[in-house]
Amino acid sequence: MTTLSGQPLSEAIGYSFSNANSAPHREHSFYPYTDNGGSTLGITGSDFAILAGDTRSVAGYNINSRYVPKVFKIGGDDETGDGAHIVLSVVGFAADGQALKERLDAVVKMYKYQHGKPMSVRACAQRLSTILYQKRFFPYYVHAILAGLDEEGKGALYSYDPVGSYEREQCRAAGSAASLIMPFLDNQVNFKNQYIPGSGEGHALEPKKAEPLPRETVEQLVRDAFTSAVERHIEVGDGLQMMVITRSGVEEIYYPLKKD
Amino acid sequence: MNHFPEAWGRPRDDVYGAYNPLYLQTTGPKAHTQSPAVTGTSVVAVKFNGGVAIAADNLASYGSLARFTDVKRLRKFGESAIVGFSGDVSDMQYIDRLLESIDIRENYSTNGNTLNAKNLHTYLSKVLYKRRSEFNPLWNHILVAGFDEDKKPFLSSADLLGTTFSAPHLATGFGAHLAIPILRRLFPEETPLESISKDEAVAALRECIKVLWYRDARSLDKYSLAVVTEAGIEIQEDQQVEAQSWAFAEAIKGYGAQVN
């Protein structure tokens with residue numbers, strides 16, 4: 001290292017500006033994400049799909065609001081959502097969730113204008129994955145679930161990670177209480193660890209086979225899952241918003257939850 | 001004097017220590033706002049029958065220094081919307097200029113300015129979200145008060161990350177801890193808006209500002225209060241916290257060196 005005059009540092013008098021070109025790099029201290037809490041849950045049946053989410057929005061220990069929806073109709077009317085046949089839920093960072101929802105909504109609408117037919121849930125699911133992956137190195141910090149009816153009219157549910165990996169599933173819980181709800185769903189929807197009584201000797205019992213559940217059962221499962229999550233997770237509560245997608249459209253149900 | 005003319009008049013490292021060259025950098029990464037400088041504290045607002053009331057004190061702090069004591073943090077937009085700013089004051093002034101230019105442009109359009117508070121809130125939240133996505137945030141948390149397209153009272157919040165939420169009463173910063181519980185007790189969330197009068201709402205805000213003045217060390221007893229109704233905006237910018245009683249202060253013990 002030399003000084004301004006070109007003298008070796010050790011031999012020059014110590015003047016300032018000797019190392020003007022080696023400023024240390026400062027790290028960004030602005031963190032562009034926050035966690036707004038809450039949970040979402042989707043379950044499919046043979047001719048319907050239900051996507052639900054609580055309506056609380058939090059910032060740390062503060063409750064921002066008791067009604068901030070996490071479940072949105074996609075491709076419908078701007079204000080009422082009429083005419084939509086696809087539903088998206090986003091949980092995590094709410095501002096990213098909002099941005100993602102608006103982008104997917106625009107995509108589904110443009111598809112209809114350009115092709116003259118509604119976008120299939122399969123196509124929409126693939127497109128959502130692409131949108132998420134486009135921001136692979138500055139992700140939308142959300143866990144998304146997409147629901148609708150497939151080409152055969154069966155309930156379709158797709159779940160995503162923040163960078164766009166996705167798969168079709170029968171049921172999925174996401175968000176802060178996912179670890180509380182998902183095991184309940186495994187047991188009650190996919191009948192994990194349930195065996196047919198008296199079907200074999202000792203541990204050689206025959207597992208109970210999973211079958212699509214009727215709508216009433218599924219609605220009650222969703223309610224039970226959320227009332228239980230509210231008891232044990234502080235970020236979940238206030239209200240439950242349920243979207244039921246059937247052949248005749250999307251029905252929205254609101255059910256109050258504990259506000260504590 | 002020595003033989004290094006370029007060093008003449010410069011502080012000697014061996015006397016004053018090395019100069020931090022960080023401040024002279026003209027190359028290298030562009031420095032964005034990493035933390036706010038001159039800041040405003042809480043904004044509180046509540047909806048009532050036929051309008052919205054909003055209040056904020058007139059202080060701009062520089063760290064713990066009460067730097068400017070007559071800063072108006074409630075800004076008018078058009079004839080029926082108010083924006084309350086907390087956070088960085090220079091960013092507030094930038095946003096205010098932005099809003100001014102929109103207002104002028106709208107007024108030159110054939111219909112006049114028809115943007116309502118809801119439109120304004122959508123716009124501001126997108127500006128904030130865009131800037132956070134560029135890692136160059138506008139360091140503000142804002143409340144927007146006014147009316148929506150159906151002429152119903154509108155109150156909503158947006159922060160530096162682009163997070164948005166709405167509730168019958170809202171507060172930013174310290175007010176989220178101190179003012180919200182007062183407002184929730186006075187006007188429980190189930191209370192219909194029709195049962196809250198303008199006078200009750202204004203009195204509640206004055207009470208909140210007083211509590212904040214008592215307990216928020218970055219607050220001031222001079223404040224602004226605005227009421228948006230169908231009739232227009234009433235804004236009072238030099239209010240004083242009245243009927244102060246510091247009697248409670250005597251009873252507070254146990255901070256710092258004083259243990260009992």
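In what follows, chains carry the letters A, B, and so on, assigned in the order in which the sequence lines appear, proteins first and then strands, with residues in each chain numbered from 1. The model shown is predicted, which means the values in this text are computed figures rather than measured ones.
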Any idea which of B:Thr163, B:Asp159, B:Leu161 has the most non-hydrogen atom pairs under 4.5 angstrom with chain A? B:Leu161
Is it the case that more than 12 heavy atoms not belonging to B:Tyr16 sit under 6.0 Å from its OH atom? no
May I ask you to test the A:Ile63-B:Arg184 pair for a side-chain heavy-atom distance under 4.5 Å? yes
Considering residues, nucleotides and ligands other than A:Tyr133, do more than 12 of their heavy atoms fall under 6.0 Å from its OH? no
Should we say atom CZ of B:Arg67 is surrounded by more than 12 heavy atoms from elsewhere, each under 6.0 Å from it? no
I'd like to know whether NZ of A:Lys259 has more than 12 heavy-atom contacts from other residues, nucleotides or ligands below 6.0 angstrom. yes
Heavy-atom cut-off 4.5 Å, strictly under: side chain, backbone, both or neither for B:Glu134 against chain A? neither
Checking the side chain of A:Ser65 only, and the main-chain atoms of B:Ser166 only, is there a donor and an acceptor separated by less than 3.5 Å? yes
Before accepting this row, confirm whether a basic side-chain N of the pair A:Glu102/B:Lys126 lies closer than 4.0 Å to the acidic partner's carboxylate O. yes
Heavy-atom distance under 4.5 Å between the side chains of A:Phe30 and B:Trp139, does that happen here? yes
Heavy-atom closest pair, residues A:Asn62 and B:Ala176: ND2-CB, 4.2 Å
In Å and rounded to the nearest 0.5 Å, what is the CZ to CG distance from B:Arg132 to A:Asp96? 4.5 Å
Taking the six-membered ring for Trp, are A:Phe138 and B:Phe135 closer than 6.0 Å centroid to centroid? yes
May I ask you to decide if the ring planes of B:Tyr129 and A:Phe93 are parallel, tilted or perpendicular, using 30° and 60° as cut-offs? tilted
In terms of heavy-atom proximity below 4.5 Å to chain A, should B:Leu128 be classed as side chain, backbone, both, or neither? neither
Do any of residues 81-89 of chain A have a heavy atom less than 4.5 Å from a heavy atom of chain B, and if so, which, in residue order? none
Can you tell me if B:Phe165 has over 12 outside heavy atoms packed within less than 6.0 Å of its CZ? yes
